[in-house]
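Have a look at the structure below before the remarks.
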Amino acid sequence: EVQIVESGGGLVQPGGSLRLSCSASGFTISTYAMKWVRQAPGKGLEWISSIYGGSTTANYVDSVKGRFTISRDNARNIMYLEMNSLKPEDTAVYYCAKTGGVSTYESCDYWGQGTRVTVSS
């Protein structure tokens with residue numbers, strides 16, 4: 001069965017860094033477009049990054065460009081989100097999601113339960 005588990009969240013000071021991991025089972029992450037989505041307190045879901053299936057081509061929301069990097073370790077079936085220069089407004093629950101195809105416009109059909117990131121002094 002498909003299973004997605006995020007990890008790596010926690011409390012970090014502004015300007016700090018975290019690397020989130022998305023461990024997948026039941027499918028091969030390199031085959032599908034994958035996404036990171038977050039939900040800040042009191043706000044709706046916000047797409048922040050995606051990567052195409054079978055490709056290293058990635059997209060980012062403007063607010064994280066230059067600070068966040070999405071990547072995959074295909075041999076280990078893990079996707080990562082490297083987050084640098086973190087800001088208080090990055091505080092959110094971060095979700096890893098699988099799409100049903102190779103392009104980033106595909107809808108997400110499976111989600112993890114999320115990992116919480118808190119950026120505070």
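Every heavy atom of this structure was used, including side-chain atoms; hydrogens, water molecules and symmetry mates were not. All residue numbers refer to positions in the sequence shown, counting from 1.
Hydrophobic clustering keeps Val5 apart from Leu20 (ILVMFWY residues linked when any side-chain heavy atoms are closer than 4.5 Å, directly or through intermediates). With hydrophobic clusters built from ILVMFWY side chains whose heavy atoms lie under 4.5 angstrom apart, Ile78 does not share a cluster with Val37. Both Ile29 and Val2 belong to a common hydrophobic cluster when Ile, Leu, Val, Met, Phe, Trp and Tyr are linked at side-chain heavy-atom distances under 4.5 angstrom. Hydrophobic clustering, with ILVMFWY side chains joined whenever heavy atoms are under 4.5 angstrom apart, keeps Val64 apart from Tyr80.
Heavy-atom minimum distance, Leu18 versus Leu86: N-CD1, 4.0 Å. Scanning all heavy atoms of the two residues, the minimum distance from Ile4 to Phe27 falls at CG1-CE2, 4.0 Å. In this structure, Arg72 and Gly53 approach most closely via the heavy-atom pair NH1-CA, 4.2 Å. Scanning both residues, Met34 and Cys96, for their nearest heavy atoms gives CE-SG, 3.9 Å. Asp62 approaches Lys65 most closely through the heavy-atom pair OD1-NZ, 3.0 Å.
Between Phe68 and Val61 the shortest side-chain heavy-atom distance does not fall below 4.5 Å. Between Val12 and Ser17, every side-chain heavy-atom pair lies at or beyond the 4.5 Å cut-off. Contact of the Trp36 side chain with the Glu6 side chain is registered, since non-hydrogen atoms from C-beta on lie closer than 4.5 Å.
Glu82 CD to Ser21 OG: the interatomic distance, rounded to the nearest 0.5 Å, is 9.5 Å. Here the straight-line distance linking atom OG1 of Thr99 with atom OH of Tyr105 works out to 10.0 Å at 0.5 Å rounding. Rounding to the nearest 0.5 Å places CZ of Arg19 at 11.0 Å from CG of Leu81. Atom OH of Tyr94 sits about 8.0 Å away from atom CD of Glu46, to the nearest 0.5 Å. The line from OG of Ser23 to CG of Asn77 is 8.5 Å long, rounded to the nearest 0.5 Å. How far OG of Ser50 is from CE of Met79: 9.5 Å, rounded to the nearest 0.5 Å.
For Tyr52, the OH atom counts as densely surrounded, since its 6.0 Å shell holds more than 12 non-hydrogen atoms of other residues, nucleotides or ligands. Other residues, nucleotides and ligands contribute only 12 or fewer heavy atoms inside 6.0 Å of the CD atom of Gln113.
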What verdict does the salt bridge (Lys or Arg N to Asp or Glu O under 4.0 Å) test give for Asp90 and Lys87, after you've listed the backbone C-alpha separation in whole Å, the side-chain angles of each residue and the deciding distance to 0.1 Å?
CA-CA 5 Å; Asp90 295 318; Lys87 304 175 181 179; over 6 Å; no
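Panel note: side chain Tyr60, backbone Ile70; a donor-acceptor pair is recorded below 3.5 Å. A donor-acceptor pair under 3.5 Å links the side-chain atoms of Thr91 to the main chain of Val119, judged by distance alone.
Judged by the 6.0 Å and 45° rule, Lys98 forms a cation-pi pair with Tyr32.
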